[in-house]
Amino acid sequence: MDERLKRQLDFALEIDKEKNILRQTHLSEHGRRENDAEHAWHMAIMAYLLKEYANEEVDIAKVMLLIHDIVEIDAGDTYAYDTEGLKTQKAREDAAKERIFSILPEDQKQELISLFDEFEAFETAESKFAHAMDNLQPL
């Protein structure tokens with residue numbers, strides 16, 4: 001198998017673990033907790049549907065809601081009110097970002113790290129809109 005394809009498929013298999021990360025929010029009309037993959041999918045659809053309400057024009061492809069929680073495979077989901085977890089969140093997520101995205105071919109690794117870092121920096125119209133969707137989705 002081609003090395004590039006193997007790395008891409010290995011990454012696809014790795015991110016399947018996101019389905020096992022449970023969040024604090026519950027699914028509507030069900031008692032179970034939402035997982036990170038469901039959260040990301042739901043936000044991506046919401047972002048597409050609600051992009052007209054962004055404060056600035058956004059490149060919906062860069063809103064990157066499908067990758068922002070991948071680091072939680074290693075770092076875990078840090079609850080917004082977990083004061084102890086918040087102290088180490090960035091370090092845990094940086095280590096996870098490096099390990100998980102390094103599975104990919106170098107060009108795709110750099111592209112996803114760049115998108116992840118853009119989301120975390122909260123400076124662009126896309127990252128601000130993505131954060132708005134991340135805050136709105138649990139409601």
Side-chain angles (χ1 to χ4, degrees):
M1 178 185 301
D2 174 84
E3 180 62 23
R4 181 176 178 85
L5 176 59
K6 180 185 180 323
R7 292 181 77 165
Q8 291 164 326
L9 292 175
D10 287 347
F11 181 79
L13 184 60
E14 181 68 18
I15 65 171
D16 188 62
K17 294 175 182 175
E18 196 173 4
K19 297 173 187 172
N20 295 314
I21 300 166
L22 297 180
R23 300 174 48 79
Q24 296 296 318
T25 54
H26 289 82
L27 296 178
S28 58
E29 300 183 22
H30 292 83
R32 79 172 174 84
R33 289 169 40 199
E34 172 184 58
N35 69 48
D36 267 5
E38 292 165 327
H39 170 68
W41 167 82
H42 199 194
M43 281 191 310
I45 298 295
M46 288 175 60
Y48 179 79
L49 295 174
L50 301 175
K51 66 185 174 194
E52 67 191 85
Y53 300 103
N55 290 335
E56 302 174 58
E57 189 158 331
V58 294
D59 176 353
I60 201 65
K62 285 186 68 187
V63 173
M64 56 64 70
L65 289 163
L66 294 174
I67 68 162
H68 84 289
D69 282 338
I70 287 174
V71 296
E72 293 179 3
I73 291 169
D74 289 359
D77 180 34
T78 305
Y79 184 53
Y81 301 105
D82 176 3
T83 54
E84 288 304 307
L86 289 170
K87 292 176 185 175
T88 61
Q89 181 179 11
K90 180 164 177 21
R92 288 181 288 116
E93 288 184 353
D94 283 349
K97 172 180 68 174
E98 182 60 31
R99 185 197 73 78
I100 296 167
F101 293 137
S102 290
I103 295 169
L104 286 165
E106 188 62 27
D107 63 318
Q108 290 180 322
K109 170 191 173 184
Q110 292 307 320
E111 181 179 4
L112 292 188
I113 284 176
S114 176
L115 286 170
F116 180 87
D117 289 346
E118 180 179 334
F119 175 82
E120 291 296 310
F122 194 57
E123 295 174 348
T124 64
E126 287 79 12
S127 67
K128 291 174 184 176
F129 184 63
H131 277 275
M133 292 297 102
D134 197 19
N135 292 330
L136 175 64
Q137 188 273 340
L139 299 177

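Since this is a predicted model, take the numbers as computed values, not measurements. All residue numbers in this chain count up from 1 along the given sequence.
- Distance CG/Leu27 to CZ/Arg32: 4.5 Å, rounded to 0.5 Å.
- Heavy atoms of other residues, nucleotides or ligands lying less than 6.0 angstrom from CG of Asp2 number more than 12.
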Please list every donor-acceptor pair under 3.5 Å in which a side-chain atom of residues 128-139 meets a protein atom from a residue at least two apart or in another chain.
residue, atom, partner, partner atom, Å
His131, NE2, Phe119, O, 2.8
Asp134, OD1, His39, NE2, 2.8
Asn135, ND2, His131, O, 3.3
Gln137, OE1, His39, ND1, 2.7
Gln137, NE2, Glu34, OE2, 2.7
Gln137, NE2, His42, ND1, 2.9

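- If you take NZ on Lys62 and CD on Glu118, they are separated by 4.0 Å, rounding to the nearest 0.5 Å.
- Arg23 contributes no side-chain N or O that, together with a main-chain N or O of Asp36, makes up a donor-acceptor pair within less than 3.5 Å.
- Nearest heavy-atom pair across Glu14 and Ile73 is O-CD1, 3.5 Å.
- Placement of Tyr53 and Met43 within a single hydrophobic cluster is found when ILVMFWY residues are connected by side-chain heavy-atom separations under 4.5 Å, directly or transitively.
- In plain terms, the two heavy atoms of Ile15 and Ala12 that are nearest each other are CG1-O, 3.4 Å.
- Each of Glu93, Arg92, Lys87 was checked for a side chain to side chain donor-acceptor pair (under 3.5 Å) with Gln89, and the lone residue meeting it is Glu93.
- Looking at Leu22 and Asn35, their side chains come closer than 4.5 Å, going by heavy atoms from C-beta outward.
- A salt bridge does not link Lys6 with Glu3: every distance from a Lys NZ or Arg NE/NH1/NH2 to an Asp or Glu carboxylate oxygen is 4.0 Å or more.
- If you chain together hydrophobic residues whose side chains sit under 4.5 Å apart, Trp41 and Leu49 fall into the same group.
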Got a list of side-chain donor-acceptor pairs under 3.5 Å for residues 101-117, not counting sequence neighbours?
residue, atom, partner, partner atom, Å
Ser102, OG, Glu98, O, 2.5
Ser102, OG, Glu98, OE2, 3.1
Ser102, OG, Lys109, NZ, 3.2
Glu106, OE2, Gln110, NE2, 2.7
Asp107, OD1, Arg4, NH1, 2.8
Asp107, OD1, Arg4, NH2, 3.4
Asp107, OD2, Arg4, NH2, 3.1
Gln108, OE1, Gln8, NE2, 3.0
Lys109, NZ, Glu98, OE2, 2.8
Asp117, OD1, Lys97, NZ, 2.7

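- Within the model, atoms CD of Glu126 and NZ of Lys51 stand 12.0 Å from one another, a figure rounded to the nearest 0.5 Å.
- Ala75 approaches Ala96 most closely through the heavy-atom pair N-CB, 4.2 Å.
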